[in-house]
A.B. asks: 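My questions will all concern the structure given below.
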Amino acid sequence: MIELTVDGTPLQAPAGQSLAAVLITAGQTVLRSSPSGTPRGLFCGIGVCQECRVVVDGVVTRACVTPAVAGMTVTTGRT
Ligand code: FES
């Protein structure tokens, strides 16, 4: 198990699991909001649609193709 921070909250997860799986397991199915306020989250799951964008250590990242790494800081765009 590793520990990462999601929106300021510490979270434990299996090392190497996709960040999207970590977030969904933690109950966070909405990862960001569209400009119109529509909730967005995992859609394709293979890195194509970019609906799962979150910010990891200051860089916009697709959660579905990013492995969870110890110490990473994740910011979702949920409003
Ligand atoms: S869910 Fe489509 S790129 Fe991540």
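When a ligand or atom number is given, it counts from 1 through the structure's own listing order.
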A.B. asks: State the OG1-CZ distance between Thr75 and Arg32, to the nearest 0.5 angstrom.
C.D. replies: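 Thr75 atom OG1 to Arg32 atom CZ measures 14.5 Å (nearest 0.5 Å).
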A.B. asks: Take atom 2 (Fe) of ligand 1 and tell me which protein N, O or S atoms are nearer than 2.8 Å.
C.D. replies: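 Listed by chain and number, the atoms are Cys44 SG, Cys49 SG.
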A.B. asks: Keeping the roles fixed (side chain from Asp57, backbone from Met72), state whether a donor-acceptor pair exists under 3.5 Å.
C.D. replies: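 No: the side chain of Asp57 does not pair with the backbone of Met72.
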A.B. asks: Are Leu11 and Thr5 close enough that some pair of their side-chain heavy atoms sits under 4.5 Å apart?
C.D. replies: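 No - every pair of side-chain heavy atoms lies 4.5 Å or more apart.
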A.B. asks: Can you confirm whether Leu42 sits close enough to Thr29 that some side-chain heavy atom of one is under 4.5 Å from a side-chain heavy atom of the other?
C.D. replies: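 No, every pair of side-chain atoms sits at 4.5 Å or beyond.
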A.B. asks: Any Lys/Arg nitrogen of Arg62 or Glu51 sitting under 4.0 Å from an Asp/Glu carboxylate oxygen of the other?
C.D. replies: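 Salt bridge between Arg62 and Glu51, a charged N being under 4.0 Å from a carboxylate O: no.
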A.B. asks: Atom CD of Gln50 and atom OG1 of Thr61: how far apart are they, to the nearest 0.5 Å?
C.D. replies: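 Atom-to-atom, Gln50:CD and Thr61:OG1 are 10.5 Å apart.
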